[in-house]
Amino acid sequence: MSSKKIVLTGDRPTGHLHLGHYVGSLKNRVLLQDKYDCFFMIADTQALSDNFDNPQKVVCNIEEVCKDYLAAGIDPCKCVIFVQSLIPELFELTIYYMNLISVARLERNPTVKSELQQKAFSNAITAGFLCYPVSQAADITAFKASLVPVGEDQLPLIEASNEIVRRFNRIYDSNVLVESQAILGKTQRLIGIDGKAKACKSLGNAIFLSDSSDVVEQKIRKMYTDPEHIKVSSPGKIEGNVVFSYLDAFFEDKEELESLKKKYRQGGLGDSVLKSLLNDTLQNLLNPIREKRESIDKSFVKDILSSGSKKAGEVAKETLREVRSAMGLNYGYV
Ligand code: ATP
Ligand code: MG
């Protein structure tokens, strides 16, 4: 393998990718693929941890997520795109790592805690869901990734992964596993179009990369602004104003944005003008992505996932061999 740093990150195939993914992680990946050895994983097994009763939802979104990657500029010639469940080595690593973290530590993980609040099974947490951070540690370490481009919600999971790495290396007196660090996007957490803390596939409060221009326009029209800003001439609030949050994330001319904010605060700037500016901004970003997405052939996607999963499997196999050897599990017989 080359001496370049290794990047790993992924997405759960629970729906199409949205603007939160774009600013939180995808945009960074497009830059990173030119500099590093990048692995991008479609995390179907992780998605099953809270969709085990609806596997078809996960299955049918695998190719959709891959299409979103390609449409957003991820180039399969520069990186490896693979499907998590096709790499069984990840699950053997998960089992070994489960011994290295306590149940209490998993229950206290802030990402797990906030996701549990959102999910239906909060009174009967499954072992699979509780342990998905362990499986995520296996994903990161199997590729010896030191860089993980993610949104801010993922930081406690990367910390948990590093704890497992340190524990493994200490207990088995090894340096096989590598600690990783998050790379955050310029917008670390894009809020939902409903004003909720995070745009999220599962909450259905996002603008998707594949949304038609009409749907994008409708979603912008419904966005909250300042509920007390009734007349154009009255002063408006920027804080909690979803349209301004999206302009902060996507409108490039920051000087112009500052003067719009000033005018909005003073009064004299209508919500419809702002929404139309946001609509132009987002349509300009999404039009080429949507066009590219529509031109992608299904068989091309299948080929990419198939060859990427083969390559990823080879790397994970070698790490698993080293892990087993560090633990003294190199028996010398099958
Ligand atoms: P789900 O509802 O299935 O959890 P999701 O919308 O949260 O879906 P994930 O597949 O869990 O998306 O996240 C993939 C990556 O995108 C992660 O790195 C995550 O931090 C990032 N991400 C997701 N939503 C946002 C957001 N609103 N802002 C910034 N980054 C985000
Ligand atoms: Mg998520």
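Nothing here was measured: the structure is a model prediction, and the numbers come from that model. Order of listing sets the numbers, starting from 1, for every ligand and every atom in it.
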**Student:** Heavy-atom cut-off of under 4.0 Å around ligand 1: list whichever protein residues fall inside it, by chain and number.
**Tutor:** Gly10, Asp11, Arg12, Thr14, His18, Gly20, His21, Gly24, Val150, Gly151, Asp153, Gln154, Gln188, Arg189, Leu190, Lys198, Ala199, Cys200, Lys201, Ser202

**Student:** Could you pull out every donor-acceptor pair under 3.5 Å between side chains of residues 307-314 and any protein atom, sequence neighbours left out?
**Tutor:**
unit_1: Ser307; atom_1: OG; unit_2: Asp303; atom_2: O; d: 3.2
unit_1: Ser309; atom_1: OG; unit_2: Val83; atom_2: N; d: 3.2
unit_1: Ser309; atom_1: OG; unit_2: Leu305; atom_2: O; d: 2.6

**Student:** Quick test of your reading of the model: are Lys317 and Glu92 salt-bridged, counting only N-O distances below 4.0 Å?
**Tutor:** no

**Student:** Does the side chain of Leu285 come within less than 4.5 Å of Tyr22's, by heavy atoms?
**Tutor:** yes

**Student:** Kindly write out the residues that satisfy side-chain hydrogen bond (donor to acceptor under 3.5 Å, both in side chains) with Glu159, not counting sequence neighbours, or none if the list is empty.
**Tutor:** Arg166

**Student:** Can you sort out the partners of Ser25 under side-chain contact (heavy atoms from CB on, under 4.5 Å), two or more places apart, ordered by chain and number?
**Tutor:** Thr9, Arg29, Pro149

**Student:** Keeping the roles fixed (side chain from His229, backbone from Ser234), state whether a donor-acceptor pair exists under 3.5 Å.
**Tutor:** yes

